[in-house]
Amino acid sequence: MIVWSVSGPLPAAIIFGVLLTIRWFFYVRNLVKLGQWLEDPESRSVPEGEGPWEDVFARLNKMVREHRKERTKSAAALHDLELATSALPDGVISLDKTDHIEWCNPLAEHHLGIDRARDIGQQLTYLVRNPEFIEYLAEKKYSDPLILRDARHDGTVLSLKLVGYSGNKKLLITRDITHFEQVETMRRDFVANVSHELRTPLTVVNGFVETLQDMPNLNNDMARKALPMMGEQTMRMTNLVGDLLTLSKLEDRLNVLKDEEVNVPMMLPGCMEVGKVLSGGHHQLKLEMQADCKLLASAEELRSAFGNLISNAIRYTPEGGDIVVRWALNADGQPVLSVQDSGLGISPQHIPRLTERFYRVDNSRSRSTGGTGLGLAIVKHIANRHQAQLQIESTEGKGSTFSLVFPEQRRID
Ligand code: ADP
């Protein structure tokens, strides 16, 4: 009979070795399980641990479940955000600092002819090659929208606006304004056509009124009183129609600015003569020529703008007042035409609205002095066409200064 002895240092070492092997075996098994799970953690569930690994795997399982829950929540929020941006009435494109597309909504894809699946990460200017658009993006003109006509060659008119965010990133908002443009064109055409149609009958009526007024043996009292009034009113209507036609012409996109070398110092004395006739000797008119540069501009439009400003200065300055017309360069070397008067002045709340059509501070004064309510709207349009700024400074009761500040590039020395 064999008796096994279980005491002594040798058997203890064997037991320790067996235990260590079992532990090693569990360790390797669990490691294999973990390794298999890690090969495809998305579709496999976390394996069950054995021995001391049971608790580790249980905690890992909990973490994975929480992480999946969070991910599902974020995906739902992202999906909601995508649905919301898809429902936006405007196109939206997010661009990085070098104008690569990070993301866009379906309307932006439609407006600019881009494809989200294909074009995310592409530089937008490679996809939209319109030179105006490329310049707009490069200049980062966040304040003004860019109007892109017929960018898709289907008559669509788009308004594009850049909005900066998060340092140097940009959102490009695109809007289809084709319908708005059509309505605007209809409005412009209607005003131009009506004004044009009114011109002929007005000329006829005016002619007859003048003829009747000149008749020496007109002995009807009523007619003698009525005819001057008729003459005055037909003249007002003629001026109104004339100004409406001028505005229509200035607004016409096909009427591009005809730039020429305009000798402003030579033009201004003529404008002053017209002003003197209008003033009838009731004001002191002075011309200050502080610069002798010429201007790259349309002579006809400049004459109209200068004439309107001088005429306003005379009409809104009581008898005996001073009017100074100045041609000078400002500190930035920009040519400036300013008309300064010592007249009624304008209170500050009216100033931002003065260039709106028919906006008047004092209706009766404007009408009684022959105003049409369109003079400053015309000046503003002419300024815009020359990339110039109309600046207005005024103090009620003291007088006003209206200045046209032209860009330096238009100066000819
Ligand atoms: P209007 O034909 O009525 O003069 P404008 O468009 O030329 O039309 O001017 C708009 C309004 O601005 C005028 O009705 C007037 O109230 C004000 N205005 C224009 N110029 C002057 C000025 N030099 N001084 C005071 N008010 C002025």
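Numbers here are sequence positions counted from 1. Note that ligands are numbered from 1 as they come in the structure, with each ligand's atoms numbered from 1 the same way.
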Where ligand 1 meets T372 - atom numbers and elements under 4.0 angstrom, heavy-atom basis
2 (O)

Under 3.5 Å donor-acceptor, R365 side chain and R315 backbone:
yes

Could you check atom 5 (P) of ligand 1 against the protein and tell me its nearest heavy-atom contact, residue, atom and distance included?
L376 N, 3.6 Å

In the protein, which heavy atom is nearest to atom 7 (O) of ligand 1, and how far is it?
N312 ND2, 2.9 Å

Under 4.0 Å, counting heavy atoms only: does G373 come that close to any atom of ligand 1?
yes

So which heavy atom on C271 is nearest to which on I310, and how close?
CB-CD1, 3.8 Å

Relative to ligand 1, is R365 under 4.0 angstrom through side chain, backbone, both or neither, heavy atoms considered?
neither

Could you tell me which residues satisfy side-chain hydrogen bond (donor to acceptor under 3.5 Å, both in side chains) with E181, sequence neighbours excluded, listed by chain and number?
R149, R253

Only one of V157, L158, V183 passes side-chain contact (heavy atoms from CB on, under 4.5 Å) with I177; say which it is.
V157

Any carboxylate oxygen within less than 4.0 angstrom of a Lys/Arg side-chain nitrogen, looking at E232 and R236?
no

Please list, in number order, the atoms of ligand 1 under 4.0 Å from a heavy atom of S366.
1 (P), 2 (O), 3 (O), 14 (O)

Atom 21 (C) of ligand 1: closest protein heavy atom, distance to 0.1 Å, is Y316 CD1, 3.5 Å

Short N-O contact, E300 and K249, less than 4.0 angstrom
yes

Show every side-chain hydrogen bond (donor to acceptor under 3.5 Å, both in side chains) that has at least one partner inside residues 18-38, sequence neighbours left out.
R29-E50

Proximity flag L344 to ligand 1, non-hydrogen atoms under 4.0 Å:
no

With heavy atoms only and a cut-off of under 4.0 Å, state how T369 meets ligand 1: side chain, backbone, both or neither.
neither

Should you measure from each heavy atom of I346, which atoms of ligand 1 turn up under 4.0 Å away?
25 (C), 26 (N), 27 (C)

Out of all atoms in ligand 1, which are within 4.0 Å of some heavy atom of R315? Include the element for each.
1 (P), 2 (O), 4 (O)

Salt-bridge present (E251, R385; N to O < 4.0 Å):
no

Find all atoms of ligand 1 within a distance of less than 4.0 Å from any non-hydrogen atom belonging to R360, and give their numbers and elements.
3 (O), 14 (O)

Closest to atom 12 (O) of ligand 1 among protein heavy atoms sits L354 CD2, 3.4 Å

Quick check on contacts: which atoms of ligand 1 are under 4.0 angstrom from a heavy atom of S400?
24 (N)

Shortest protein heavy-atom distance from atom 16 (O) of ligand 1, along with the residue and atom involved:
V361 N, 3.0 Å

With a 3.5 Å distance limit and no angle check, can you tell me whether R410 reaches the backbone of L296 through a side-chain donor-acceptor pair?
yes

Classify the angle between the aromatic ring planes of F306 and F406 as parallel (below 30°), tilted (30 to 60°) or perpendicular (above 60°).
perpendicular

Test: K69 and E66 ion pair at under 4.0 Å
no

In the protein, which heavy atom is nearest to atom 23 (N) of ligand 1, and how far is it?
D341 OD2, 2.9 Å

Check F402 against ligand 1 and report side chain, backbone, both or neither, counting heavy atoms closer than 4.0 Å.
side chain

Just which atoms of ligand 1 are under 4.0 Å from any heavy atom in Y359?
10 (C), 11 (C)

Would you mind listing which atoms of ligand 1 come within a distance below 4.0 Å of any non-hydrogen atom of G371?
2 (O)

In terms of side-chain geometry, is the basic nitrogen of E288 or K286 positioned less than 4.0 Å from the acidic oxygen of its partner?
yes

